[in-house]
Colleague: 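Before we start, here is the structure in question, set down as structure tokens.
For this chain, numbers begin at 1 and follow the sequence in order.
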Amino acid sequence: MSLLHLAVLAPFLLALFVPILYKLFRQIHTGWFVLILPVLLFTYFSRFIPLTKQGDVITERAAWIPSLDITVDFYVDGLGLLFALLITGIGSLVVLYSVFYLSKEKEKLNQFYVFLLLFMGSMLGVVLSDNLIVLYSFWEFTSLSSFLLIGYWNERERSRYGAQKSLLITVFGGLSLLGGIILLSIMGNTFSIRELISQSGQLIDHSLFTPALLLVLLGAFTKSAQFPFHIWLPDAMEAPTPVSAYLHSATMVKAGLYLVARLSPVFAESGLWLWLVSITGLITLFWGSYSAIKQTDLKAILAFSTISQLGLIMSLLGLGAAALHYESMGETIYLAATVAAVFHLINHATFKGSLFMVAGIIDHETGTRDIKKLGGLMQVMPITFTVAIIGAFSMAGLPPFNGFLSKEMFLASMVNVLDLDIFNMDTWGVLFPVIAWVASVFTFTYSMIVVLKPFTGKLSLKLLDRKPHEAPIGMLLSPIILASLVIVFGIFPNLLSSSIIKPAVASIQPSLVGPDFQVHIAFWHGPEPEVWMTIGIIVLGVLLYKTLSKWQGITMWVPDRISLNSLYDNGLRGLERSSSFVMKCLMTGSLRTYLLSVFLFFILSLGFTIYWKDAFTLDTKHFAPIGFYELLLAGVIVAAAIAILFAKSRLTSIIILGAVGYAISLFFVLLRAPDLALTQLVIETISVSLFLLCFFHLPLLASRKEERMTFRLNNAMISIGVGVIVTLIALSAHSNKLFDSISSYYLENAYKEAGGKNVVNVILVDFRGLDTMFEITVLSIAALGIYAMIKLRLTRRKDQS
């Protein structure tokens, strides 16, 4: 195992020791122990910056399931390193913030930090995995760990609701992603992302290309809260603020963006990819920014703003695909969309992380996040106000902050769409800059709401749960660092150009980014259209904010009963009602009814499949000759089985059933398998003895005279049907030899590999040793359960006496 593997697994390993640290050092906040790891990981990944800057890729491999082409391959390139630095860097600041935000006396810190570390490790696994199956495993682990984090305050109904909602939607997307991964592996005969990228030219012509594309995007859209799957993100804000700052600004919600960016080299040549990714991103941007304006809870506003910003980045990743269709012209204006997406991804993590922490500080110091109750906080919380204004102005796209630069690049990319003459962009493409501009106006408006509503105006102490004051320096440190990065990356944007942004863009568009490609970000490029668009955004945005009370009611025109949230809730309730109805119909408490349903489905489904696929084949040339004794034993078995139906007592039924087992053991003798015959005899003897011992104490069977004949006829038909289907399958399977029997392998290797001459024993003990071990384990657990029930019954009898 390499150091890179250890870096990914380190959060999981530390999570094992967090409960011990929490219990042994209760006087010390557990976050201080946890903080060490993300800081070390951030330092470790930072050492790769010079390597990825030169275009190098660091790879490490460890075998997992080589027979299925599944290996734990981790690699660090520009894109993976960018996300690894975000995960560990923002993670360090979040853990530091949580030390002062979460009380060690009141909160279950052992659970919180275990969940947080599980999530951190899962995200690192997602962004550094080359094998798609390994990536999917970590992908689902992010859904599970985020579910635990969102539902951390599980005593609250809204926390449980938000956690369940996020899990259902993201796991649905995860299953879709798994389908896409399987299709990709069929197309490229590999699970390796790098190998699939090398085959991208051939994959686009495959018949499975479009289904794979749609399934992969479904997984990405659900994870990154794209419309209409965005509804889980606002409800996830019931989590503690450190969780919101980490999961919903820098990491989990960007996993979908990462997936789109990572697989762009595979799918981006398709026009469907360009349209779906870019238009879904634009719709999400518009709807998120529009919805944010009508919220009154600070974290709700930030939740919808996150949705809108994720849509912005997604649309840029979609438009970046246009560069592949203009490669021969040497165009870079469309590649600039990918550059803008990477730059804004970094910027969003800095300003949104700081704003979430500011919202947490306000809630922590005032007891509320309702902007209708807040106001005038700049008088008592000047440092928090300064951080808030930096983050909000960057989100609004105002200079000199980093959000202004990436927003200008976004607008420029939308304007450049008008010059595209591919995939009908020259006609419908006019909607792109229009939607982008309108959404940006709403973005400016909600950014002003976030910072001006709580901090300006009149301070009304009677509306607050507690008297506000400035937060302690420990709680302010993390948002101050993030706000400082907002300013530094805004004034000196090219600090990241060659070291972080260019390598990431090269990973997304490897065929276009060569040694001569340069990323240069500047404040002024002349009186370009995006400049005038920005001026219009500011003017109209200020006007909308000033007149907010006059028009905000218009945003409520969509009734809640026809919203997407209502559709989700009603759908969930409908599933619960329908499942309850089915359960009442099927779960009657009668074992006979259950078997009837199972066997009837068995007969109909397999019988129809055999008929529809014309799958039955009978080839008798491989059949062994049937002798007199075999026919005699078969007759005995059939007669005994029929006799069980007419037995008048349980004891008689058990004895006849034992006769069936003993007759089968004689078959093994005739077929020269004495060891199997002996095993069958021993098991049958023990089974009959145990049955006799148990059933001897049960009451006699009830008289069957009152049972109707039709009931027995139904049973007979079902029994015969099952027997016929199984027989047909057995005969057909024996007649269709699609590959050589594995028996020859066992015969050749039993002695050589395991040192045993009894092939059956070698198979059970060596070749299938794990199966045997688990079977013994199951029997042991069953025996312990029976013993516990007997002891419980004896204890109750003693208590009653």
Colleague: Which heavy atom of Gly320 sits nearest to which heavy atom of Ala337, and what is that distance?
Modeller: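 Shortest heavy-atom contact: N-CB, 3.8 Å.
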
Colleague: Is the Phe45 ring parallel, tilted or perpendicular to the Phe48 ring (thresholds 30°, 60°)?
Modeller: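 Ring orientation, 0 to 90° scale: tilted.
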
Colleague: Could you give the distance from NE2 (His348) to OG1 (Thr306), rounded to the nearest 0.5 Å?
Modeller: 4.5 Å

Colleague: Considering non-hydrogen atoms only, spot the tightest contact between Ser166 and Trp232 and give its length.
Modeller: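 Shortest heavy-atom contact: CB-CE3, 3.6 Å.
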
Colleague: Using 30° and 60° as the class boundaries, would you call the ring planes of Tyr101 and His364 parallel, tilted or perpendicular?
Modeller: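 The arrangement is tilted - the two ring planes meet at 30° to 60°.
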
Colleague: Give a yes or no on whether the ring-centroid distance for Tyr113 and Tyr22 is below 6.0 angstrom.
Modeller: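 Not close enough - the centres of the two rings lie 6.0 Å or further apart.
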
Colleague: Measure the shortest side-chain to side-chain distance between Leu543 and Leu540 over non-hydrogen atoms and say whether it is less than 4.5 angstrom.
Modeller: yes

Colleague: Can you find a pair of side-chain heavy atoms, one from Leu128 and one from Tyr75, that are under 4.5 Å apart?
Modeller: no

Colleague: When you look at Phe141 and Phe12, which way does the ring-ring contact (aromatic ring centres under 6.0 Å, His included) test go after all the steps?
Modeller: CA-CA 11 Å; Phe141 223 131; Phe12 297 101; 5.7 Å; yes

Colleague: So, does Ser484 use its side chain to make a donor-acceptor pair with the main chain of Ile480 at under 3.5 Å?
Modeller: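 Yes, because the side chain of Ser484 sits within donor-acceptor range (under 3.5 Å) of the backbone of Ile480.
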
Colleague: Is the closest side-chain heavy-atom distance between Ile361 and Tyr97 below 4.5 Å?
Modeller: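 Yes; the side chains approach each other to less than 4.5 Å.
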
Colleague: Hey, are the side chains of Ile307 and Trp287 touching, using non-hydrogen atoms and a 4.5 Å cut-off?
Modeller: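 A side-chain contact under 4.5 Å is absent here.
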
Colleague: For a 4.5 angstrom cut-off between non-hydrogen side-chain atoms, does Ser315 reach Ile435?
Modeller: no

Colleague: Go through Ile49 and Leu85 one step at a time and tell me if the side chain to side chain contact (heavy atoms under 4.5 Å, CB included) criterion holds.
Modeller: CA-CA 10 Å; Ile49 294 177; Leu85 291 174; 4.1 Å; yes

Colleague: Got Lys453 and Tyr545 here, is their nearest side-chain heavy-atom distance under 4.5 Å?
Modeller: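 Yes, their side chains come closer than 4.5 Å.
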
Colleague: Checking side chain to side chain contact (heavy atoms under 4.5 Å, CB included) against Val380, which of Leu459, Leu461, Thr366 comes through?
Modeller: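 Result: among Leu459, Leu461, Thr366, Leu459 is the only option passing the side chain to side chain contact (heavy atoms under 4.5 Å, CB included) with Val380.
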
Colleague: Considering all heavy atoms of both residues, which atom of Leu96 and which atom of Leu35 are nearest to each other, and what is their separation?
Modeller: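 Minimum heavy-atom contact is N-CD1, 4.1 Å.
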
Colleague: For Ser507, which of Leu79, Leu81, Val513 qualifies under side chain to side chain contact (heavy atoms under 4.5 Å, CB included)?
Modeller: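 Of the listed options, the one satisfying the test is Leu79.
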
Colleague: Stepwise, does the side chain to side chain contact (heavy atoms under 4.5 Å, CB included) test hold for Leu124 with Thr88?
Modeller: CA-CA 9 Å; Leu124 286 174; Thr88 55; 4.2 Å; yes

Colleague: Could you verify whether a donor N or O on one side chain and an acceptor N or O on the other, from Glu105 and Ser103, lie under 3.5 Å apart?
Modeller: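 Checked: Glu105/Ser103 side chains pair up, N/O donor to acceptor below 3.5 Å.
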
Colleague: For the pair Lys223 (side chain) and Trp139 (backbone), establish whether a donor and an acceptor sit closer than 3.5 Å, ignoring hydrogens and angles.
Modeller: yes

Colleague: Would you say that more than 12 heavy atoms from the other residues, nucleotides or ligands in this model lie under 6.0 Å from the CZ of Phe523, or not?
Modeller: yes

Colleague: Is a donor on one side and an acceptor on the other found under 3.5 Å between the side chain of Ser224 and the backbone of Val253?
Modeller: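 Between the backbone of Val253 and the side chain of Ser224 there is a qualifying donor-acceptor contact (under 3.5 Å).
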
Colleague: Distance check, rounded to the nearest 0.5 Å: Ser122 atom OG versus Met252 atom CE?
Modeller: 10.5 Å

Colleague: Just say parallel, tilted or perpendicular for the rings of Tyr258 and Phe83, cut-offs at 30° and 60°.
Modeller: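 Perpendicular.
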
Colleague: Will you find, in the side chains of Ser244 and Lys299, an N or O donor that is under 3.5 Å from an N or O acceptor?
Modeller: yes

Colleague: From Leu117 CG over to Leu14 CG, what is the distance, rounded to the nearest 0.5 angstrom?
Modeller: 5.0 Å

Colleague: Could you tell me whether the side chains of Trp153 and Glu107 share a donor-acceptor contact shorter than 3.5 Å?
Modeller: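 Looking only at side-chain atoms, Glu107 and Trp153 do form a donor-acceptor pair, the distance falling under 3.5 Å.
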
Colleague: Quick one: OG1 on Thr368 to CD1 on Ile362, what's the gap to the nearest 0.5 Å?
Modeller: 10.0 Å

Colleague: Can you find a heavy atom in the side chain of Ile346 that is under 4.5 Å from one in the side chain of Ile501?
Modeller: yes

Colleague: Of all the heavy-atom pairs spanning Leu285 and Ala436, show the shortest one and how long it is.
Modeller: CD2-CA, 4.5 Å

Colleague: Specify the closest pair of heavy atoms between His344 and Ser406, including all atoms of both residues, with the distance to one decimal.
Modeller: ND1-OG, 2.7 Å

Colleague: State the OG-CE distance between Ser354 and Met395, to the nearest 0.5 angstrom.
Modeller: 9.0 Å

Colleague: Verify side chain to side chain contact (heavy atoms under 4.5 Å, CB included) between Thr284 and Leu310, making sure each step is shown before the conclusion.
Modeller: CA-CA 8 Å; Thr284 305; Leu310 293 173; 5.6 Å; no

Colleague: State, with a plain yes or no, whether a side-chain heavy atom of Tyr446 is found less than 4.5 Å away from one of Thr443.
Modeller: yes

Colleague: If you round to the nearest 0.5 Å, how far is CG of Leu148 from CG of Leu116?
Modeller: 11.5 Å

Colleague: For the ring pair Phe33 and Phe17, is the centre-to-centre distance below 6.0 Å?
Modeller: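 No: the rings miss the under 6.0 Å criterion.
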
Colleague: Using the rule given for side chain to side chain contact (heavy atoms under 4.5 Å, CB included), can you reason through Val243 versus Tyr152, listing the C-alpha separation, both sets of side-chain angles and the distance that settles it, and then say yes or no?
Modeller: CA-CA 10 Å; Val243 174; Tyr152 170 69; 5.8 Å; no

Colleague: Do the side-chain N and O atoms of Ser98 and Tyr246 include a donor-acceptor pair separated by under 3.5 angstrom?
Modeller: no

Colleague: Report yes or no: do Thr241 and Asp363 form a side-chain donor-acceptor pair below 3.5 Å?
Modeller: no

Colleague: Between Thr384 and Glu470, is any side-chain donor less than 3.5 angstrom from a side-chain acceptor?
Modeller: yes

Colleague: Please say whether more than 12 non-hydrogen atoms of neighbouring residues, nucleotides or ligands are located less than 6.0 Å from NZ in Lys502.
Modeller: yes

Colleague: Could you report the tightest heavy-atom contact between Ala359 and Leu298, atom names first, then the distance?
Modeller: CB-CB, 4.3 Å

